[in-house]
Each structure stands twice: as C-alpha cells, then as structure tokens.
Amino acid sequence: MASIAIVGGGRMGEALLAGLLASGRAQPADIAVAEPSPTRRDEIAERYGIRCAERGADVAGDTEVVVLAVKPRIVEAVAREIGPALSAGTIVVSIAAGVSTAAIEAVLPDTAHVVRVMPNTPAMVGAGMSVVSGGSRAPDADVERVRALLEAVGEAVVIPESQQDAATAVSGSGPAYVAVFVEALARAGVSQGMPYETALKLATQTTAGTAALLAETGRHPEELADAVASPGGTTAAALEALEDRRFRAAVAAAVAAATERSKGLGG
C-alpha cells in the first residue's frame, strides 16, 4: 500500500515526487503515480522505481494522501473519479489554481479531507514556495502534515483560503515575472555592449543572490535598495528611470490581473 498517491505525472507532480524521495520523507514503495500517457508512465516508473497506473482510481485506494496534480479544468472530474476509491479520512491535496476546496469537497465523500495548495515551479530544484489552506473538513493536523510534506520541495506556509488567489498571483505566477525581468536585464546589458551569455549570467546570479540575501538577513527590500543606491550614483539613476516608467505600478497591475484570472478559473 502506498501512503502517497500523485494523480498527474506532469512537471509539478514529478517535482513533488522527486523532492519527497530526495529528502527521505518517502521511499519509492511509499508513492504511486497515476498518469494517462503510457510513455510518461514508463519514464517515471523507470526513473524513480515507483508503481505507476493509468487512472487515479487505481492508486487512490487505501492511501493516506492523494495529490491532485492536474489542470484546473479537469480537477473536479478527477476528484469525482477517485472518490469511490478513497478511505475515510484520506487527505486530498489539490494544486489546481483557482479551484476552491468547497468545489472539490462537493464531488468527494464527506469523509475526505481536502487541502488546497499553490506551489510554484522552483519546486523542481527544491526551492519552491507553496501556500497551504485547509478545507472545511480538514483538521489542523492534516493541514500541517501537508505543509510539512511540501517542505521537501522548498518553503511552505499556511494561509486562509481567501488569500489563495492573491498568493497564486504572487508566488504561483511569480517565477514568470522574475524570468521576464532577468531576460530584460540581460538584454539591456547586451544593448550596452556586453555579450549575451555574460549578461545573462550576471542577471541570473544577481537575482538569485539578492533573493538569498533578503531571505537570510530578513532585511526589508527598501532597506537593501537604499544601501545599494548611493546619492547621485548609478543605482539611484537607474531606480529613478524605473519609477519614471511606473515599474511598481506595472508589477501591481500584473498581480491584480493574475488574481482576477485565478478567481475566474474557479468560477
């Protein structure tokens, strides 16, 4: 009997699988994966030495935790499919953006404990950020268990479900914003005469190093910016140019748009 079933063998499903195994929180015998693609099933089974099946119902029975790592448009259908196979008290974790715990609870047995999670793609390298919210039937102990499991692929915090759409916009979609910024910074270096490979390395490491500095020191971002920006210096000139072009307003608009889209996915 597997203690964790992952329904969906895509990027996030595999990231969680790999993280759980690498961290020692689970062994291959503890995890089963459901994936409709035969090629993908064979690939995952060979790579990780775990049991794979075609349908979610084939791995969800007698399992303590079932992770629904599928697209929002099909998550309710998948939940409905696995429902009859679930044991009482099974924790059902959904990582479908915008889909409420209530929507999933509505198609599952009353004994299922639903927990909603929004991870992000840095989980693929063990540096993810996940937010966790319990449904109406999930006890605090189950929510904490899910949070602890997600620490296998990075950081995880518990938040009210009312904040999930905003969290989706900040951390779920956030890697795309950062990637666009890194590319823009590198291209700007090229426009000033640098080779692209060098500019990209500088932009990537500077972004990663700054994030690590903020995380490890706990310094406020504005404090760090002020420390770098000497009066009348190059950084001050750059920050002024960003503000003239409403950089912060553009970021705020992006987060607002993503939040509204997340709400729409659940509608």
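Basis for what follows: all heavy atoms, side chains included, without hydrogens, waters or symmetry-related copies.
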Exam field: side chain T63 to backbone G61, donor-acceptor pair closer than 3.5 Å:
yes

Can you name the side chain to side chain donor-acceptor pair (under 3.5 Å) partners of S136, sequence neighbours left out?
E105

I'd like to check the side-chain contact (heavy atoms from CB on, under 4.5 Å) partners of T217; sequence neighbours left out, ordered by chain and number.
L213, R219

Any chance you could measure T207, atom OG1, to L185, atom CG, to the nearest 0.5 Å?
6.5 Å

Donor-acceptor contact below 3.5 Å, side chain N120 vs main chain M129
yes

Heavy-atom side-chain contact between L21 and P28 under 4.5 Å
yes

Please table the atom pairs, donor to acceptor, closer than 3.5 Å between any side-chain atom in residues 109-119 and protein atoms at least two apart or in another chain.
residue, atom, partner, partner atom, Å
D110, OD1, R137, NH2, 3.4
H113, ND1, D142, OD2, 2.6
R116, NE, V99, O, 3.4
R116, NH1, E161, OE2, 3.1
R116, NH2, D165, OD1, 3.4

Under the side-chain contact (heavy atoms from CB on, under 4.5 Å) test, which residues partner A127, sequence neighbours left out?
P122, V125

Give a yes or no on whether the backbone of R40 and the side-chain of S37 come within a donor-acceptor separation of less than 3.5 Å.
yes

Taking salt bridge (charged side-chain N to carboxylate O under 4.0 Å, His left out) as the definition, give me every residue that meets it alongside E183, ordered by chain and number, with sequence neighbours left out.
R187

At what distance, to the nearest 0.5 angstrom, does CD of E43 lie from CD of E35?
9.5 Å

Smallest separation among heavy atoms of V131 and A167, with atom names
CG2-CB, 3.7 Å

For the residue pair V67 and V65, establish whether any side-chain heavy-atom pair is separated by less than 4.5 Å.
yes

Spacing of L149 atom CG and L20 atom CG [to the nearest 0.5 Å]:
6.0 Å

Quick one: do M124 and I44 end up in the same hydrophobic cluster if we chain Ile, Leu, Val, Met, Phe, Trp and Tyr together by side-chain heavy atoms under 4.5 Å apart?
no

Please name all residues satisfying side-chain contact (heavy atoms from CB on, under 4.5 Å) with A18, sequence neighbours left out, ordered by chain then number.
Y48

Any non-hydrogen side-chain atom of V92 less than 4.5 Å from a side-chain atom of L108?
yes

So for atom CZ, which belongs to R11, do other residues, nucleotides or ligands contribute more than 12 heavy atoms lying within a distance under 6.0 Å?
no

May I ask you to decide if S87's main-chain N or O and T90's side chain share a donor-acceptor pair within less than 3.5 Å?
yes

Looking at CD of Q163 and OG1 of T168, how far apart are the two atoms once the value is rounded to the nearest 0.5 Å?
11.5 Å

Running the 4.5 Å side-chain criterion over Ile, Leu, Val, Met, Phe, Trp and Tyr, what cluster does Y196 land in, apart from itself?
V178, V182, V190, L200

What pairs of donor and acceptor atoms, side-chain ones from residues 236-252 against any protein atom, are under 3.5 angstrom apart with sequence neighbours left out?
residue, atom, partner, partner atom, Å
E243, OE2, R248, NE, 2.9
R245, NH1, A241, O, 3.1

So which heavy atom on G19 is nearest to which on A152, and how close?
O-CB, 3.6 Å

Shortest non-hydrogen pair, S171 vs P175, comes out as O-CD, 3.1 Å

Are the side chain of S262 and the backbone N or O of A258 linked by a donor-acceptor pair below 3.5 Å?
no

So, for A15 and V153, which heavy atoms are closest and what is the spacing to 0.1 Å?
O-CG1, 3.3 Å

Contacts table for residues 75-82: side-chain donor-acceptor under 3.5 angstrom, sequence neighbours left out:
residue, atom, partner, partner atom, Å
E81, OE2, G56, N, 3.3
E81, OE2, A57, N, 3.4

Atom pair CD1/NZ of I95 and K71 - distance to nearest 0.5 Å
9.0 Å

Decide yes or no on side-chain contact (heavy atoms from CB on, under 4.5 Å) for V146 and V93, but give the supporting numbers first.
CA-CA 8 Å; V146 172; V93 180; 3.7 Å; yes

Can you check whether V255's main-chain N or O pairs, donor with acceptor, with T259's side chain at less than 3.5 Å?
yes

Has the side chain of S100 got a donor or acceptor atom that lies under 3.5 Å from a matching backbone atom of A103?
yes

Side-chain heavy atoms of V132 within contact of V157, under 4.5 Å
no

Who passes side chain to side chain donor-acceptor pair (under 3.5 Å) against S133, sequence neighbours left out?
Q164

For residues 143-155, which residue pairs pass the side chain to side chain donor-acceptor pair (under 3.5 Å) check, not counting sequence neighbours?
E64-R145, E144-R147, R147-E151

Side chain T206, main chain L202, donor-acceptor under 3.5 Å:
yes

Across all chains, not counting sequence neighbours, the side-chain contact (heavy atoms from CB on, under 4.5 Å) partners of D58 are A53, R55

Could you tell me the separation between the CG atom of L17 and the CD1 atom of I31, rounded to the nearest 0.5 Å?
5.0 Å

Would you say that E46 contacts D42 through its side chain, given a criterion of any heavy-atom pair below 4.5 Å between the two side chains?
no

